[in-house]
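What follows is one structure encoded as structure tokens, with my remarks underneath.
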4 protein chains.
Amino acid sequence: MAAAVSGRGARGSSAKAQNATGGARAKRGVARREAILKAALEEFSARGFEAARLDDVARRAGIAKGTIYLYFSDKETLFQELVRSEISPIVGTLEHVSHVEAPIRMIAEQFVELFVREIIETRRKDIIRLIISEGPRFPKLAEFYYREVISRALGAVRAVLRRAVERGELANDAIARFPQLLIAPALVAIVWNALFDRFEPLDVRAMLRAHFDFMFGAGRAA
Amino acid sequence: MAAAVSGRGARGSSAKAQNATGGARAKRGVARREAILKAALEEFSARGFEAARLDDVARRAGIAKGTIYLYFSDKETLFQELVRSEISPIVGTLEHVSHVEAPIRMIAEQFVELFVREIIETRRKDIIRLIISEGPRFPKLAEFYYREVISRALGAVRAVLRRAVERGELANDAIARFPQLLIAPALVAIVWNALFDRFEPLDVRAMLRAHFDFMFGAGRAA
Amino acid sequence: MAAAVSGRGARGSSAKAQNATGGARAKRGVARREAILKAALEEFSARGFEAARLDDVARRAGIAKGTIYLYFSDKETLFQELVRSEISPIVGTLEHVSHVEAPIRMIAEQFVELFVREIIETRRKDIIRLIISEGPRFPKLAEFYYREVISRALGAVRAVLRRAVERGELANDAIARFPQLLIAPALVAIVWNALFDRFEPLDVRAMLRAHFDFMFGAGRAA
Amino acid sequence: MAAAVSGRGARGSSAKAQNATGGARAKRGVARREAILKAALEEFSARGFEAARLDDVARRAGIAKGTIYLYFSDKETLFQELVRSEISPIVGTLEHVSHVEAPIRMIAEQFVELFVREIIETRRKDIIRLIISEGPRFPKLAEFYYREVISRALGAVRAVLRRAVERGELANDAIARFPQLLIAPALVAIVWNALFDRFEPLDVRAMLRAHFDFMFGAGRAA
DNA sequence: GATGAATGAGGGTTCATTCAT
DNA sequence: TATGAATGAACCCTCATTCAT
């Protein structure tokens, strides 16, 4: 499951760079694209969309400023492709989750692991923060994120909760009406991490476990 | 309690504007300052710190561009003072909460009302979004917010939980270790409101109540 | 007649610069606008629209680059306003010409004087060359010039020729079908002046007189 | 005569492309050069020298951008060679004209045909417009054009007029002093064609005939 | 205090030119 | 010879900040 999330090979690369199959030219093009996206992620998450300078993105990627425009038509496109390229691999994972047959507390535990390892401990947390920050100014992006991630995630959560209720693992089905409640601590973790960690470090794993313990009853072993 | 939050009279106004003893001059200065802050709030929350233009702030406030600089030394200061001016009145309220002697579920219910009425339904939610968005670029601001709001809020939550445990209203004291868990849904509400409400409206009151019902047992009447 | 052409006072100046009636502020604004137009004329006619740099226009006008944008919304607008501001005063003059009651050869002689003094010997010749050069890329401009200058000029020429025929001053009315033929040498003069004068100077007055002598019979005295 | 003007075979091709003795290699090189020049003509006359992009020239010529530099050392050279390649074939024709022994009105009629067919109805009119537009920025080009075309054309016109006077076909020799007067309508035709034809179409042949009728007496049959 | 014209540094974007393949 | 990815100088335009009025 985690593998699906961290998979990087399948992402779409620019058409321009792929006319030769496996040629060194094409490979280099793909690498450049990746380098630009990586640099862009760092600059955008450090300064936000507006304040980030393409000059810095280029310098960080070790290329000339004009080169960016060989891969992305403008700053906004670069930003949107960045978000998409990081979000897309998550989507497949979400589909999986709702199909797993296991006690709900175990699924929750897997979610904790996955979330910490693939979001909190990677730059993906920054992407999510960027969506929160810039979403209102990029309605297309918010819609994409809602469609590809949020609605599927909530659907998966609902399915899991339903099965838990059927199996009698969950007496109270109140939270099924607001699946957001289950994920809320994850959002807190991301925001806390970015803003307040230096004042008061937060043990994300422990917090999420406490949350699920409270929701579903104690312990992984249960 | 709500009054304390929305109170606007006690905020510090520019020193320059207070050389007269409450004269019309000073009053006008205070009003100008307020108008600028109001306009700034609208522009900053609509476009973010970088993209907001002081020209638009001035126009919206009905003054000349240069006038802003009579009240705030630069754009960044204006932004920080804006956040402070909106955050400060909340602080007092937070102190109150932890002293209220009442069943925890009732306190929770008051919190729901207060949060929806004073945050979600006002522009204050935008301030919080701005802190999330711009915090990483304005460490001073994040620190201020942490010190004045977050740490006090968490302290208050902890105190309330402690009393609830003492009174036997709350068996499990696990969440006392992570008071963030109690507030997490409020954060979700703010973010959802800004990004996804047009796709799927969220009944914030209902969600928060479901949350507290689950945490503390059902119902307002309880 | 010449006065009408060279009149500069009546040209429209930016609305911004005219809120005070005759204030120093407004006057300065008008002067700035004129200075920018003058500098722009020099740069545009030396290098063409595309190659001209606003940086140079600013430097030549003795102002900062950004100041241009206080008076003109962009480079293209500056160019179009430049053409209009130089063309407009000509229009009135054209109306006059067709009403003058005088022997055709005398009218022609006046035209020669006017053309040389107000077009060839001023920067207005450059404006006409600019219209020829950039017209195809600025259809609006070509249309404006056709409507305001060409069609009126041809109309005036036709009227004069008609009266000349009626008075028996002109036997052959063939050229009335192509009034362009009467003005053609003026165009040659402008182009020659810009391109070939350094190789072979052209006495424009003499050429135009020879032209009209041939067309209408010899001499001013006639 | 017309054949000489439109002849394309004799034009100089790049030295680089001629090391093989007429081999297929060389031929291909010549064809490429021609393709580039053709594409350049279209782009330059549509947008002007500055605004034309070599990228578009390459695309239109069906080659890669870098290939242009194998045939022309830079954009300016390409432009100048383009003008030369289109102008050169005209030169020979001009020499012919002055030697033709025929009534002046017939020579004029041949000129009309030639001008319309080979200039107005081809892209050559655009070359002339380009010289007018860009001449001031490319003194070399203006000089070349003056030397190769203008001075010869005027010389030829003078010779023809001289013979016409000698033969008694032309009483007034005033225009011999300004041979530009004879060609002026051709310039008008080119400019009108580019700028005003859509507002008021101009029958170039008819205008030129009217012009020569007026100058030399009526009719082709004469 | 209040204005808004003026400034000029800075950023996004383009495109002629180069060069490794 | 041909390619087209890469470069980076240059240019238009914006906007926070200043200052004469």
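Chain letters run A, B, ... following the sequence lines, proteins first, then strands; residues in each count from 1.
- Residues C:Val83 and C:Phe138 are not in side-chain contact: their nearest non-hydrogen atoms beyond the backbone lie 4.5 Å or more apart.
- One can place CZ of C:Phe72 at 15 Å from C1' of E:dA5, the figure rounded to the nearest angstrom.
- We find that CZ of C:Arg33 is positioned 15 Å from C1' of E:dA5, with the value rounded to whole Å.
- Residue A:Arg53 places no side-chain N or O under 4.0 Å from the OP1 or OP2 atom of E:dG10.
- No side-chain heavy atom of D:Leu37 sits under 4.5 Å from any side-chain heavy atom of D:Tyr71.
- Between E:dA2, F:dA2, F:dA16, one nucleotide has an atom nearer to the side chain of B:Arg28 than all others, and that is E:dA2.
- Contact annotation: the side chain of B:Ile36 never approaches that of B:Leu82 to less than 4.5 Å [non-hydrogen atoms, C-beta and beyond].
- Heavy-atom distances to DNA chain F give each of C:Ala52 and D:Gly62 a nearest nucleotide, and the one nearer the 5′ end belongs to D:Gly62.
- Side-chain contact between C:Arg129 and C:Asp126: present, with at least one pair of heavy atoms (C-beta onward) separated by less than 4.5 Å.
- Using a 4.0 Å heavy-atom cutoff across all strands shown, D:Arg59 reaches no nucleic acid atom at all.
- Using a 4.5 Å cut-off on side-chain heavy atoms (C-beta onward), A:Arg59 and A:Asp56 make contact.
- Side-chain proximity of A:Leu70 to E:dT17, F:dC13, F:dA6: nearest is F:dA6.
- Among the heavy atoms of the strands, none lies under 4.0 Å from A:Ala51.
- At the heavy-atom level, D:Ile63 lies under 4.0 Å from the strands shown only through sugar-phosphate atoms.
- Put simply, CD on B:Glu50 is 10 Å from P on E:dG12, counting in whole angstrom units.
- Mapping C:Ile68 and A:Leu54 onto DNA chain E by nearest heavy atom places C:Ile68 at the nucleotide closer to the 5' end.
- For B:Lys75, counting side-chain heavy atoms from C-beta on, the closest listed nucleotide (F:dA16, F:dT7, F:dC12) is F:dA16.
- Atom CZ of A:Phe49 is separated from atom C1' of E:dG11 by 12 Å (rounded to the nearest Å).
- Judged by distance alone with a 3.5 Å cut-off, a donor-acceptor contact links the side chain of D:Lys65 to the base of E:dT17.
- With the nearest nucleotide of DNA chain F identified for both C:Ser73 and D:Ala64, D:Ala64 has the one nearer the 5' end.
- Of the nucleotides present, E:dA5 is the one that pairs with F:dT18 by Watson-Crick or G-U wobble criteria, both distances under 3.5 Å.
- C:Gln80 places none of its side-chain heavy atoms less than 4.5 Å from the side chain of C:Phe144.
- A:Tyr69 has its OH atom 17 Å from the P atom of E:dA16, to the nearest Å.
- OP1 and OP2 of E:dG1 both lie 4.0 Å or more from every side-chain N or O belonging to B:Arg32.
- In this structure, C:Lys27 places its NZ atom 15 Å from P of F:dT21, rounding to the nearest Å.
- The side chain of D:Tyr71 contributes an N or O atom lying less than 4.0 Å from OP1 or OP2 of F:dA2.
- Atom CD in B:Glu76 sits roughly 14 Å away from atom C1' in F:dT17 (whole-Å rounding).
- DNA chain F is contacted by no residue of residues 132-142 of chain D, taking any non-hydrogen atom closer than 4.0 Å.
- Put simply, the side chain of D:Leu130 reaches to within 4.5 Å of the side chain of D:Phe79, judged on heavy atoms.
- Of the candidates E:dT13, F:dT7, E:dA5, F:dT7 carries the atom nearest the A:Thr67 side chain, counting heavy atoms from C-beta on.
- No engagement by B:Ala58 is indicated, since no non-hydrogen atom pair under 4.0 Å with the nucleic acid exists.
- Between A:Lys38 and A:Glu34 there is no salt bridge, since none of the side-chain N atoms of the basic residue sits less than 4.0 Å from a carboxylate O of the acidic one.
- Rounding to whole angstrom units, CG of residue C:Asp55 and P of F:dC12 are separated by 7 Å.
- Contact annotation: the side chain of D:Arg47 never approaches that of C:Glu50 to less than 4.5 Å [non-hydrogen atoms, C-beta and beyond].
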